[in-house]
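Because the structure is predicted, anything quoted here is derived from the model rather than measured. Quick note on labels: first sequence line is chain A, next is B, and so on, each numbered from 1. Side chains are part of it too, since the values below use all heavy atoms of this structure and drop only hydrogens, waters and symmetry mates.
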Amino acid sequence: MQQFPWSPAATKCSSTPIEPVSLFAEGADSIFADQRLCFMHKHQHHLPEVNIVILMFIPFEWLHSELSNICRSLLRVKQLHAFLLKTYLSEDPFYATKILRQYAVNSDINSAHHVFDKTSDRSVYLWNSMIRAFAQSQRFFSAISLFRTMLGADISPDGHTYACVIRACADNFDYGMLRRVHGGAVAAGLGLDPVCCSALVTAYSKLGLVHEARRVFNRITEPDIVLWNSLISGYGSSGLWDVGMQMFSAMKLVGKKPDGYTLAGLLVGIVDSGVLSIGQGLHTNSVFSPELRLRVQSSNDHSKMSSTFTYLIRIRVFCSILNPDLVTWSALIMGYSQAGVFEKVLYLFRKLNMEDRKADTVLVASVLASIARTANVGLGCEVHGYALRHGLELDVRSGMLFLIILEAFKVFEKMLEKGLVPDEATFSSLLSACCHGGLVKDGREIFRRMEEEFNIRPRAEHYVYMVKLLGSSGELEEAYSLIRSLPEPVDKAILGALLSCCNSRGNSELAETVAQQLFANNPADNVYRIMLSNIYAGDGRWDDVKMLRDKITGRMRKMPGLSWIESS
DNA sequence: TCGACTTAGT
């Protein structure tokens, strides 16, 4: 960092501490045109004996915003760290915490730990950030052991400390540890701490123990918004979105204003439950009437429920929230998209745009993929146009497959007309198109013709398409019998496709059969470990879950959600 | 004096 000569402004004011801003105002900008302006610490006791020493030509505002924004690269964090080390600020636990967290964000846990070690004056924030860094990088035992060290240190853990550890327990599916830490929090007098309790509610929900979550919630006399949201999300992800709706009403009754988290929690539950994919029929305005809710709860015949119902819920909920974030928008848009209410999808897309928010690639891709199921080219083009205008086209090509759905069969017919002979690849494309469009009947027909009419033996990829196509439309048994007609060992991609369908359709019995088979033949494959552990979790077999999880390394240690546990 | 607890999707 280049040192600048003393500025006239600085010498003039040298007898009294000055704010960087006033220094700037006094015409220093010409001198510091290139290098912002000099700063000094606001606290008198930090100042050296000389009245003013210019340490660096960087303003606090800049430094703070640099430290608070997430640094995109490790190099940048290292530069900032090196900069701080040249100043007395590196001793300050506040700045040490900021740097530590930036290292953690960039997955450099060793450097984060180094910062922690080198900081002698450790605030609760510093401890918590280090514990969180360990937990988020899946170093569960380091997190717990640091937590234990903290218990013996001369600083007391607070609600956030316990929240970090509790979350780590849930992420690690360690129910026993969760109970112990919960007990510890109560013993430490944090049993009613709002932050700690929010984490507990989320953790218990994540383990499929939403009733336990509710018990934690019930002990709090005046739950804050985060606690409400945690519980509502817990119900949503546990398949009990209707209870979530009741909590939502209760929440408004006591005057708590819902926010984006509330809505996302509700919507996720509704979307997950598949209620939205149900057709038309019932028309009513009394969205929250007990009568209607009863009807919905007691009805197993989902076809009686209508998109009107969920549409009204959504709009109501949405309007009651002032400033929905992208997660909320996306949850809503995805809900409409999956429900097939595409005019709403486009309406919200435009609205999102007008509010100066930008849909990200995942949202656009998801919407396109789900429009693909309707094979509506016009809509697809409109959304695709949106993607192009926003420079998202590179990421959404998978969503554009719907065009090939429609075109594939036309091309195929033309091929035959011209006397061309289709080959294996031709049928791959056709079956792929059927998969994307959910065209079960066409798929079956093409698969049959392929062998009978054109004398082509299906390869593994053709079976994968068929299994996906059948499985995702609920024809699990048919998919399984197709597989059983094959000689052993069955290609793992085929079995994997069926397993994935079993999981998403909630058929745990068949899923376990398939998973065991896969697991036996492919012991090194993490994907099947995760799917299998998901099944074990559903049966509360936490020891089995942990055993599998311990063998998984890297990014895949993050487990999928367990939303079906409570409902199954 | 400042930070932190809760949410989705190909």
(request) Return the nearest nucleotide to the side chain of Leu326(A); candidates are dA8(B), dT6(B), dC5(B). (result) dA8(B)
(request) Taking only the side-chain nitrogens and oxygens of Arg167(A), find out if one of them lies under 4.0 Å from OP1 or OP2 of dA4(B). (result) no
(message) Rounded to whole Å, please give me the gap between CZ in Phe134(A) and P in dA4(B).
(response) 20 Å
(request) Quick one: label Ser233(A) by what it contacts on the DNA or RNA (base, sugar-phosphate, nothing), any heavy atom closer than 4.0 Å. (result) sugar-phosphate
(message) Between the side chains of Lys118(A) and Glu91(A), is the shortest nitrogen-to-carboxylate-oxygen separation below 4.0 Å, so that they form an ion pair?
(response) no
(request) Fit a plane to each ring of Phe217(A) and Trp228(A), take the angle between them on a 0 to 90° scale, and name the class: parallel (under 30°), tilted (30 to 60°) or perpendicular (over 60°). (result) perpendicular
(message) Counting only side-chain heavy atoms from C-beta out, which of dT6(B), dC5(B), dG3(B) sits nearest to Tyr261(A)?
(response) dT6(B)
(message) Suppose we call two aromatic rings close when their centres sit under 6.0 Å apart. Are His160(A) and Tyr125(A) close by that rule?
(response) no
(message) Tell me the interatomic distance from Tyr95(A), atom OH, to dC2(B), atom P, rounded to whole angstroms.
(response) 13 Å
(message) Rounded to whole Å, please give me the gap between CD1 in Ile99(A) and P in dG3(B).
(response) 17 Å
(message) Rounded to whole Å, how long is the line connecting atom CG of Leu67(A) with atom P of dC2(B)?
(response) 17 Å
(request) Provide, to the nearest angstrom, the distance between the CH2 atom belonging to Trp329(A) and the C1' atom belonging to dA8(B). (result) 15 Å
(message) One thing to verify: whether Asp171(A) and Lys206(A) come together as a salt bridge, which I'm taking to mean a side-chain N less than 4.0 angstrom from a carboxylate O.
(response) yes
(message) Using the side-chain heavy atoms of Val195(A), tell me which of these nucleotides is nearest: dT6(B), dC5(B), dA4(B).
(response) dC5(B)
(request) Check the distance between dT10(B)'s C1' and Lys468(A)'s NZ and give it to me in whole angstrom. (result) 12 Å
(request) Let me know the distance between CG of Leu190(A) and P of dC5(B), rounded to the nearest Å. (result) 16 Å
(message) Nearest to the Ser330(A) side chain among dG3(B), dG9(B), dT7(B), which nucleotide is it?
(response) dG9(B)
(request) Identify whether any heavy atom of Pro223(A) sits under 4.0 Å from a base atom; if not, whether one sits that close to sugar-phosphate; answer base, sugar-phosphate or nothing. (result) nothing
(request) Looking at every strand, decide which applies to Ser230(A) at a 4.0 Å heavy-atom threshold: base, sugar-phosphate, or nothing. (result) sugar-phosphate
(request) Would you kindly give the CZ-to-P distance between Phe94(A) and dC2(B), to the nearest whole Å? (result) 9 Å
(message) Does Asp193(A) reach a base, just sugar-phosphate, or nothing at all? Heavy atoms under 4.0 Å.
(response) nothing
(message) Which nucleotide wins on minimum distance to the side chain of Ala163(A), given the candidates dG3(B), dA8(B), dC5(B)?
(response) dC5(B)
(request) Using a heavy-atom cut-off of under 4.0 Å over every strand shown, decide if Thr97(A) touches base, sugar-phosphate, or nothing. (result) base
(message) As a test of understanding, state which of Phe134(A), Phe140(A), Tyr162(A) forms a ring pair (Phe, Tyr, Trp, His ring centres under 6.0 Å) with Phe147(A).
(response) Tyr162(A)
(request) Check if the side chain of Asp360(A) and the base of dG9(B) share a donor-acceptor pair of N or O atoms closer than 3.5 Å. (result) yes
